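Worksheet for the structure shown next.
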Amino acid sequence: MQAIILAAGMGRRLAEYTQNNTKCMVEVNGVRLIDRMLTQLAALDLQRVVIVVGYKGKELTEYIGHRYDDRLTIEYVNNPVYDTTNNIYSLALAKQQLTEDDTLLLESDLIIDDSILQLLVSSPEPNLALVAKYESWMDGTMVRMDSERNIVNFVPKAAFRYKDTAYYYKTLNIYKFSKDFSRNKYVPFLEAYTKSVGNNEYYENVLRIISFLDSHDMKALPLTNEKWYEIDDKQDLDIAEALFADEKDIIRKYYGRYGGFWRFPKMLDYCYLVNPYFGESRIIDEMEAYFRTLITEYPSGMKVNTLLASKCWKVREEYIIPGNGAAELIKSLMSMLPGTLGVIRPTFEEYPNRRDKDGLVTFTPHNPDYRYSAQDLMHFFGEHHADNLMLINPDNPSGNFIPIDDVLALARWCQEQGTRLIVDESFVDFSVGYADNTLLRNDILETYPTMCVMKSISKSYGVPGIRLGIFCSADTALIARMKKDVSIWNLNSFAEYFMQIFSKYENDYKRACDRFIAERSDFEEKLRRVPYLRVMPTQANYFLCEVLPPLTARQLVLTTLKRHNILLRDCSDKTGLDGKQYIRVAVRSHADNTRLIEALLEGKLKGS
């Protein structure tokens, strides 16, 4: 068996990374793609490796030099017209070599797990295409296969249909061809195709024509949990660096993305905190139906969106401001409040991070579960005055919850003390009795006019992609100042339309919250069976768990990510925790939670 690597392309979409190098010379975490690929091929019993070069081909061959002579026999084929041809011509230049042996065909812009090539080589089928189930981030050639994994069609970009994506598999651009197939079918068709159509085409088009013959020459080999990525542009490179990071860097690279994990194949994100059930409502279907209108039309300005927010959350227009996520409103609010800010740690650091550290007054509950009451806060801040007091209820990450009557008692006390109370109730709809726990009522806001209420719609409504938050207070002067501070067009059309139609689906939302509370109870029971976790009570959509020795939180996060493609949040370094090991675990759907519990109870994991 031999390997042919196509490495002639210019890689224009990688911009400055390929100004002086071909794509396969790009580094991922300090290792060039070509070095990684040649090292993986060297682990196989190959007669030779043929590399088709073109753009910066001289530099590539000089770089490879003789470093692999003890492991591989490397030959080169040059494509002198790489800038006016496509990969079909590069492969045609190596057609003689292609007919001389069974062949692994690879494109040089791939990064793959070491195990993937072994899957291909060890398979008894002579002609194979490695494929992965279609996901929304994928681009390029797709295939459809029958129940016996015979490829019945190669689907080029021009023939792609979104309504058929349930049946699509993405080719990895890694193939195995038998010598007989190459000699008697592929190369003859390749020659005929290029003669009639030209050289600015893709070699998969030849496979597509062969698939029309119903000869079942080519089978698909779907991947399961193996990692791979095709690096076409800067974003691909950034994602590949996270997927294939070293142990010392992998957590930092994942956490530093702050989301966007839908581009990570089959990963379960247990860091970010959203309602897993409201997305099943028909509200999403209606938004999808109007997608083209929403994306091609300007949204309304602040006046109309304030009216819509007022309608959704039943708060007077002069008391409410919608934001581009709660983050926009937090930034504006924290820049306007004079004096000191009282915070309860551990906490959601977005608020204190927006303030001068010298102006923070910090209360830390000194008990194993980080529980505290309104009375605890009144006692502490009675002795350590703060001009503003920040309460996240339920709290993040502890899950501590103060009942509404006690929050109102705290609001009265703050008013007497001359302290402005800010309550973030982004997670309150996850609490038992949630309908009666919200502060978003005109009578409550009017009774405590200096109190402010923040709510991230992303969290409880499970729609983080539309970026929506609200801030409410009967302090109309503060609301008016904030409305002037943010952009008049601070919401996109999707957030506006969500508010426009939400009232039709309000019962769906209540059912989703009830369903969530039941799932959280079941999940908590199962989490408590994990012997190395101490699970703290919560009224939010996450659990703070102490990781018991000798296991560390970092070890647990690394193990679940590497072995199970599940990302947990290591909270051990959060300010206010006691130096022990902690993780925060989101609550997802029942199927996802079952998968996590199975991973946590796996024998290997318990022994990590």
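Quick caveat, the model's predicted, so the values are computed rather than measured.
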Practice task
Could you walk me through whether Ser182 and Lys179 pass side-chain hydrogen bond (donor to acceptor under 3.5 Å, both in side chains), step by step?
Solution key: CA-CA 5 Å; Ser182 297; Lys179 180 171 66 174; over 6 Å; no
Practice task
Would you sort out whether Arg529 and Glu525 count as a salt bridge (charged side-chain N to carboxylate O under 4.0 Å, His left out), showing the intermediate values?
Solution key: CA-CA 7 Å; Arg529 298 175 192 169; Glu525 179 186 346; 3.0 Å; yes
Problem - Evaluation steps, salt bridge (charged side-chain N to carboxylate O under 4.0 Å, His left out), between Glu135 and Lys266 - result: CA-CA 9 Å; Glu135 295 188 45; Lys266 299 182 181 178; 5.9 Å; no
Exercise for the section: Report the C-alpha separation of Ile4 and Leu98 in whole Å, then their side-chain angles, then the decisive distance to 0.1 Å, and conclude whether the side-chain contact (heavy atoms from CB on, under 4.5 Å) test is met. Expected result: CA-CA 8 Å; Ile4 296 178; Leu98 189 60; 3.8 Å; yes
Practice task
Please lay out, stage by stage, how Lys234 and Asp238 fare under the test salt bridge (charged side-chain N to carboxylate O under 4.0 Å, His left out).
Solution key: CA-CA 6 Å; Lys234 288 182 177 182; Asp238 178 65; over 6 Å; no
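Residues Phe244 and Trp228 keep their aromatic ring centres 6.0 Å or farther apart. For Tyr193 and Phe189, the ring centers sit 6.0 Å or farther from each other. Aromatic ring centres of Tyr167 and Tyr134: separated by at least 6.0 Å.
For the residue pair Ser115 and Asp113, no side-chain donor N or O sits within less than 3.5 Å of a side-chain acceptor on the partner. Side-chain contact check for His590 and Asn593: no donor-acceptor pair (N or O, by modelled atom type) lies under 3.5 Å. Side-chain polar atoms of Ser178 and Asn127 form a donor-acceptor pair below 3.5 angstrom. A donor-acceptor pair shorter than 3.5 Å cannot be found between the side chains of Asp109 and Tyr229. A donor and an acceptor atom, one from each side chain of Arg588 and Asn541, are nowhere located under 3.5 Å apart. Side-chain contact check for Asn150 and Lys219: at least one donor-acceptor pair (N or O, by modelled atom type) lies under 3.5 Å. Side chains of Glu226 and Thr224: a donor on one and an acceptor on the other come within 3.5 Å. A side-chain donor-acceptor contact under 3.5 Å links Asn79 and Ser90.
Ion pairing between a basic and an acidic side chain is recognised when a charged N comes within 4.0 Å of a carboxylate O; Asp249 and Arg252 show such pairing. The pair Glu598-Lys526 does not meet the salt-bridge criterion, since no charged nitrogen lies less than 4.0 angstrom from a carboxylate oxygen. Using a 4.0 Å cut-off between charged side-chain N and carboxylate O, Glu524 and Arg520 make no salt bridge. Salt bridge Arg515/Glu519: absent, no basic N to carboxylate O contact under 4.0 Å. Looking at Lys185 and Asp217, a side-chain N of the basic residue comes within less than 4.0 Å of a carboxylate O on the acidic one, giving a salt bridge. One finds no salt bridge joining Asp101 and Arg183 here, because no Lys/Arg side-chain nitrogen approaches an Asp/Glu carboxylate oxygen to under 4.0 Å. With salt bridges taken as basic N to acidic carboxylate O contacts below 4.0 Å, one links Lys23 and Asp232.
Other residues, nucleotides and ligands place more than 12 heavy atoms under 6.0 Å from the CZ atom of Phe212. For Glu288, the CD atom counts as loosely surrounded, since its 6.0 Å shell holds 12 or fewer non-hydrogen atoms of other residues, nucleotides or ligands. Applying the 6.0 Å contact sphere to CZ of Arg12 captures no more than 12 heavy atoms from other residues, nucleotides or ligands.
In this structure a side-chain-to-backbone donor-acceptor pair under 3.5 Å is missing from Thr538 to Phe543. Using modelled atom types, one side-chain atom of Asn87 and one backbone atom of Tyr203 make a donor-acceptor pair closer than 3.5 Å.
Looking at residues two or more places apart in sequence or on another chain, you find a ring-ring contact (aromatic ring centres under 6.0 Å, His included) between Tyr82 and Tyr55. For Tyr89, the ring-ring contact (aromatic ring centres under 6.0 Å, His included) test picks out no residue, with sequence neighbours left out. Shown here are the ring-ring contact (aromatic ring centres under 6.0 Å, His included) partners of Tyr169, two or more places apart in sequence or in another chain: there are none. Residues that satisfy the ring-ring contact (aromatic ring centres under 6.0 Å, His included) test with Phe264, not counting sequence neighbours, are Tyr254, Phe261. The salt bridge (charged side-chain N to carboxylate O under 4.0 Å, His left out) test applied to Asp139 returns Lys157, not counting sequence neighbours.
Contact of the Asn21 side chain with the Val26 side chain is not registered, since no non-hydrogen atoms from C-beta on lie closer than 4.5 Å.
Screening residues 14-44 for ring-ring contact (aromatic ring centres under 6.0 Å, His included), with sequence neighbours left out, gives no hits.
The aromatic rings of Tyr461 and Phe278 lie perpendicular to each other, with more than 60° between the two planes, well past the 30° mark.
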